[in-house]
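Step one of this worksheet: look at the structure below.
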Amino acid sequence: MKEIHRSQLTLDPFSLIGGDWMLLTAGTKENGYNTMTCSWGHFGPIWASDTTVAYVRPQRYTKEFVDREELYTLCFFDGRKKELGYLGSRSGRDEDKVAAVGLTPVFEDGYTYFAEAKMVLVCRKLYQAPLKEEYFLDRETLEKNYPERDFHDMYVGKIEKILVSE
Ligand SMILES: Cc1cc2nc3c(=O)[nH]c(=O)nc-3n(C[C@H](O)[C@H](O)[C@H](O)COP(=O)(O)O)c2cc1C
């Protein structure tokens with residue numbers, strides 16, 4: 001992996017996040033880590049920072065790690081939809097799902113990513129808040145996505161480092 005500057009990025013966030021999906025990972029070798037597939041999120045500037053936004057429902061095991069750590073990573077892959085589908089339908093509470101799909105965790109100081117990724121965004125949490133029922137302006141969006149009212153927490157993270165495969 002090599003580090004690049006944000007100005008070197010050319011990407012389409014709609015197909016990258018929504019179409020190809022990503023892995024949200026938090027934790028360390030020493031204290032444990034977990035990962036899950038996400039297909040909702042954003043990239044963009046706010047507060048004089050380049051940021052990502054990710055959405056995590058309360059029942060995800062990964063949330064415990066994102067809440068505990070200062071850093072999280074977003075990993076993007078070429079293909080690997082079968083592996084991402086698995087990581088997005090099983091819980092790390094029940095099994096070593098990373099071993100099951102054969103991805104290789106790379107442990108750094110305070111964060112973890114996967115060696116097979118084509119791009120890794122290392123993010124530092126700036127803001128976290130739960131989505132709230134009373135703030136939905138569109139009833140259909142609320143009912144369609146939250147029939148059980150398990151509202152996501154949104155996490156805004158400052159992009160600290162961008163790694164790409166060589
Ligand atoms: C394509 C896809 C996209 C997903 N996107 C999200 C998401 O953006 N936010 C979320 O909370 N869960 C999302 N999920 C569900 C989690 O990845 C899934 O519940 C996962 O098993 C949680 O694992 P964990 O309990 O080990 O954290 C998605 C699942 C798939 C398959």
Side-chain angles (χ1 to χ4, degrees), residues 11-44 46 50-107 110-133 135-136 138 140-159:
L11 52 81
D12 164 13
F14 297 99
S15 44
L16 192 67
I17 299 173
D20 299 348
W21 311 337
M22 61 188 177
L23 288 183
L24 166 64
T25 308
T28 60
K29 186 172 190 178
E30 300 71 38
N31 298 322
Y33 78 101
N34 202 61
T35 190
M36 61 176 253
T37 304
C38 287
S39 62
W40 289 5
H42 322 280
F43 302 144
I46 185 172
D50 298 322
T51 66
T52 66
V53 184
Y55 295 87
V56 184
R57 288 196 201 255
Q59 60 268 41
R60 310 299 185 226
Y61 186 46
T62 305
K63 189 170 187 302
E64 297 179 21
F65 297 83
V66 178
D67 288 345
R68 187 187 75 196
E69 301 290 335
E70 285 180 25
L71 302 172
Y72 63 85
T73 63
L74 299 178
C75 289
F76 300 85
F77 299 84
D78 265 329
R80 303 256 179 196
K81 293 294 274 283
K82 201 171 155 217
E83 290 90 335
L84 268 60
Y86 191 93
L87 295 166
S89 56
R90 307 293 184 101
S91 180
R93 275 193 196 95
D94 306 321
E95 59 173 293
D96 183 349
K97 57 181 183 171
V98 172
V101 298
L103 290 181
T104 314
V106 179
F107 298 108
Y111 63 93
T112 299
Y113 66 92
F114 295 98
E116 293 81 5
K118 69 173 175 187
M119 181 174 78
V120 180
L121 304 180
V122 182
C123 304
R124 180 175 300 279
K125 287 186 298 177
L126 297 181
Y127 183 85
Q128 171 184 354
L131 303 186
K132 291 199 166 173
E133 178 160 358
Y135 297 143
F136 278 85
D138 180 59
E140 199 183 323
T141 301
L142 170 69
E143 296 301 344
K144 194 172 153 206
N145 294 287
Y146 301 101
E148 290 165 27
R149 298 301 188 257
D150 54 343
F151 295 105
H152 293 84
D153 269 24
M154 64 178 290
Y155 296 85
V156 180
K158 176 180 178 161
I159 300 173

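Atoms within a ligand are numbered from 1 in the order they appear, just like the ligands themselves. In this text, all values refer to a predicted model and were calculated from it rather than measured experimentally. Residues take their numbers from the sequence shown, with the count starting at 1.
Considering backbone and side-chain atoms alike, Gly92 places an N or O below 3.5 Å from some N or O of ligand 1.
Contact atoms of ligand 1 toward Val56: 11 (O) (distance under 4.0 Å to a heavy atom of the residue). For ligand 1 and Trp40, the ligand atoms under 4.0 Å from any heavy atom of the residue are 8 (O). Near Tyr61, meaning under 4.0 Å from one of its heavy atoms, ligand 1 places the atoms 24 (P), 25 (O), 26 (O), 27 (O). Of all atoms in ligand 1, numbered sequentially from 1 with element shown, those under 4.0 Å from a heavy atom of Ser89 are 21 (O). Atoms of ligand 1 found under 4.0 Å from any heavy atom of Leu87 (numbered from 1 in listed order, with element): 20 (C), 21 (O).
Compare Lys81, His152, Glu64, Lys97 by their heavy atoms: the one nearest to atom 23 (O) of ligand 1 is in Lys97. Of all the listed residues (Gly19, Pro58, Ser39), Ser39 holds the heavy atom that lies closest to atom 5 (N) of ligand 1. The option with the heavy atom closest to atom 21 (O) of ligand 1, from among Glu95, Met36, Lys63, Arg90, is Arg90. Among Met22, Arg57, Arg93, the residue whose heavy atom lies closest to atom 11 (O) of ligand 1 is Arg57.
Panel note: side chain Ser39, backbone Gly18; no donor-acceptor pair is recorded below 3.5 Å. Judged purely by atom type and a 3.5 angstrom limit, Lys97 uses its side chain to pair as donor or acceptor with the backbone of Leu87.
Taking 4.0 Å as the cut-off between side-chain N and carboxylate O, Arg80 and Glu116 do not count as a salt-bridged pair. We find that Glu69 and Arg124 are not joined by a salt bridge, their nearest charged nitrogen and carboxylate oxygen being 4.0 Å or further apart.
Thr52 and Tyr72 share a side-chain donor-acceptor pair at under 3.5 Å.
At the top of the distance list for atom 28 (C) of ligand 1, counting protein heavy atoms only, stands Thr37 O, 3.2 Å. For atom 7 (C) of ligand 1, the closest non-hydrogen atom on the protein side is Tyr55 O, 3.6 Å. Annotation: atom 18 (C) of ligand 1 to nearest protein heavy atom, Gly88 O, 3.1 Å.
Residues Tyr61 and Ser91 share a closest heavy-atom pair of CB-OG, 3.7 Å. Here the closest heavy-atom approach between residue Met22 and residue Ile17 is recorded as CE-CG2, 4.0 Å.
Only side-chain heavy atoms of Asn34 come within less than 4.0 Å of ligand 1; its backbone N, CA, C and O stay farther off. No part of Ala54 comes within 4.0 Å of ligand 1, judged by heavy-atom distances. At a heavy-atom distance under 4.0 Å, only side-chain atoms of Trp21, from C-beta outward, approach ligand 1.
Between Tyr146 and His152, the ring-plane angle classifies as perpendicular under the 30° and 60° cut-offs.
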Checking Trp40 against Asn145 for the side-chain contact (heavy atoms from CB on, under 4.5 Å) test, could you report, in this order, the C-alpha distance in whole Å, the side-chain angles of both residues, the deciding distance, and whether it holds?
CA-CA 12 Å; Trp40 289 5; Asn145 294 287; 3.4 Å; yes
Yes or no on side-chain contact (heavy atoms from CB on, under 4.5 Å) for Leu11 and Met119, after CA distance, side-chain angles and deciding distance?
CA-CA 11 Å; Leu11 52 81; Met119 181 174 78; 3.8 Å; yes
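Assignment of Gln59 to the shell around ligand 1 is not supported, since no heavy atom sits closer than 4.0 Å.
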